[in-house]
Protein chains: 2
Amino acid sequence: MHNKLTVVSMSQEKKELIISKANALIQKSGYAAMGMRELAKAVGIEAPSLYNHLQSKEEILNQTCFTLGRKLLIALEEVNDIYFDAEQKLRTAIRNHVEIITHDLSAAYVFIHEWKHLSEPSLSEFKQLRDKYEAGIREIVEAGEKEGIFKETDLKFATLSILSAVNWIIEWYKPEGTMTPIQIAEKISDFILQGLTRDKRFN
Amino acid sequence: MHNKLTVVSMSQEKKELIISKANALIQKSGYAAMGMRELAKAVGIEAPSLYNHLQSKEEILNQTCFTLGRKLLIALEEVNDIYFDAEQKLRTAIRNHVEIITHDLSAAYVFIHEWKHLSEPSLSEFKQLRDKYEAGIREIVEAGEKEGIFKETDLKFATLSILSAVNWIIEWYKPEGTMTPIQIAEKISDFILQGLTRDKRFN
DNA sequence: CCTACCGATCGGTAGG
DNA sequence: CCTACCGATCGGTAGG
């Protein structure tokens with residue numbers, strides 16, 4: 001029993017290694033340009049051996065896009081369940097998003113930019129997941145308006161501003177840099193909230 | 001004489017048609033995934049005939065990245081020459097950027113995301129061009145601080161926020177939408193300036 | 001996990 | 001601008 005479980009989990013570990021190496025290569029040169037031979041070399045095996053762990057090249061894309069998408073969505077739903085105040089919700093949601101994205105930059109890159117290489121029906125499923133996440137962010141902004149904390153804004157525009165700020169991070173974030181993910185999240189939150197918060201003088 | 005000029009400019013037009021069709025295909029599926037046969041079909045000729053207009057596939061990437069990069073940089077330098085006030089400079093720079101990017105979304109996509117497929121020495125040249133542009137935006141923010149119009153901020157962070165807002169547009173902008181590029185630019189400027197402007201009460 | 005190998009497709013050239 | 005074609009490389013399979 002113990003033996004079998006070990007084998008299963010070792011196999012799982014190897015698969016995760018392959019996917020993580022793949023994401024790094026995809027971040028460097030894009031999904032289409034990443035070759036399975038190149039990936040095999042990075043892993044330290046021959047190309048056909050990859051197919052003992054994967055059904056196809058696209059499985060890598062699927063795994064990464066949906067794992068990260070679900071992770072982000074669950075974190076967002078938790079925020080909506082736990083917190084009451086819209087500002088607190090938004091700050092926590094932004095912090096979660098930044099932490100998830102900076103935790104694995106390569107995976108984040110694949111999630112943000114390479115999902116379009118998914119084929120149907122995964123492509124449509126993925127778009128739904130994304131839309132749901134965007135809707136969750138929009139709901140927070142909407143709640144802030146209703147609470148009278150945020151001024152009335154173009155909901156769509158505010159949501160896009162938030163997503164652009166948190167997703168653009170992957171274009172410049174370096175783990176060796178001086179700012180921690182939490183500090184980055186705080187700065188982004190301050191910046192966004194300054195644009196959203198109703199001026200205190202009028203309350 | 002007239003004849004020769006006509007031939008040259010017709011040839012130039014065809015090349016531009018090819019590059020524009022190519023950018024649309026690259027936006028859809030990425031540079032590496034775009035095939036020269038697919039491109040030829042979109043243009044209405046056979047694949048080998050493309051090479052009467054292009055030296056190589058990469059020439060498409062080169063043309064688009066550097067044409068757009070120079071266009072953006074020239075617009076930014078003009079702003080710095082003409083205007084005095086930092087707020088005016090920033091608003092105009094953002095408006096120019098948004099107008100250039102929305103004018104040809106496919107080209108903008110290639111410029112923003114696909115430049116990494118350039119090979120040396122073009123790759124290094126391109127990075128220099130980008131850095132120069134980023135430095136130009138940062139200078140405006142810096143000028144605003146010195147003028148006492150903007151509060152002191154993390155320069156790097158403010159610059160990245162501006163670039164993230166204006167570049168994220170290509171992920172959602174649809175020409176059929178209700179907002180014009182100028183309106184989008186205005187909203188972004190308002191949003192950014194709200195985060196940057198020194199509170200009037202303390203002046 | 002490997003060796004041997006498949007058909008398909010890639011960017012690009014020769015020659016007209 | 002076309003037909004005919006090149007070597008290289010692609011994702012993936014058979015069989016052990």
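Throughout, a chain's letter reflects where its sequence line sits, starting with A, and its residues are numbered from 1.
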Taken in chain and number order and not counting sequence neighbours, the residues that satisfy ring-ring contact (aromatic ring centres under 6.0 Å, His included) with A:His117 are A:Tyr31
A:Tyr109 meets the ring-ring contact (aromatic ring centres under 6.0 Å, His included) criterion, sequence neighbours left out, with A:His113
Residues of residues 20-32 of chain A with a heavy atom under 4.0 Å from any atom of DNA chain D, listed by number, are none
Expected list for residues 51-67 of chain A near DNA chain D, using heavy atoms below 4.0 Å, is A:Tyr51, A:Ser56, A:Lys57
So side-chain hydrogen bond (donor to acceptor under 3.5 Å, both in side chains) across residues 93-107 of chain A, not counting sequence neighbours, yields A:Gln27-A:Ser106, A:His97-A:Tyr133, A:His97-A:Asn167
Applied to residues 41-60 of chain A, the side-chain hydrogen bond (donor to acceptor under 3.5 Å, both in side chains) test, sequence neighbours excluded, yields A:Lys15-A:Glu59, A:Glu58-A:Ser119
Correct closest heavy-atom pair for B:Gly69 and B:Phe111 would be CA-CE1, 3.5 Å
Query raised in the report: Counting distance only, does the side-chain N/O of B:Gln183 pair as donor-acceptor with the main-chain N or O of B:Thr180 below 3.5 Å?
Result: yes
With sequence neighbours left out, write down each residue that passes salt bridge (Lys or Arg N to Asp or Glu O under 4.0 Å) with [X], or none if nothing qualifies.
X: A:Lys187; result: B:Asp154
X: A:Glu134; result: A:Arg138, A:Lys156
X: A:Lys21; result: none

For this session: Would you indicate whether the side-chain heavy atoms of B:Glu78 and B:Thr92 approach each other to under 4.5 Å?
Result: no
Going by atom type alone, with no hydrogens or angles, which donor-acceptor pairs under 3.5 Å involve a side-chain atom of residues 79-86 of chain A and a protein atom two or more places apart or on another chain?
unit_1  : atom_1 : unit_2  : atom_2 : d
A:Asp85 : OD2    : A:Glu87 : N      : 3.3
A:Asp85 : OD2    : A:Gln88 : N      : 3.0

Contact span of DNA chain C against chain A, any nucleotide atom under 4.0 Å from a heavy atom, 5' to 3', runs C:dC1 to C:dA4
All stems that DNA chain C takes part in, i.e. 3 or more consecutive Watson-Crick or G-U pairs with distances under 3.5 Å, are C:1-16 with D:1-16
Walking DNA chain D from its 5' end, the first of B:Pro48 and A:Ala33 to be reached, judged by nearest nucleotide, is B:Pro48
>> side-chain contact (heavy atoms from CB on, under 4.5 Å) for B:Phe157 and A:Ile188? Distances and angles first, verdict last.
In response: CA-CA 9 Å; B:Phe157 183 81; A:Ile188 290 177; 3.7 Å; yes
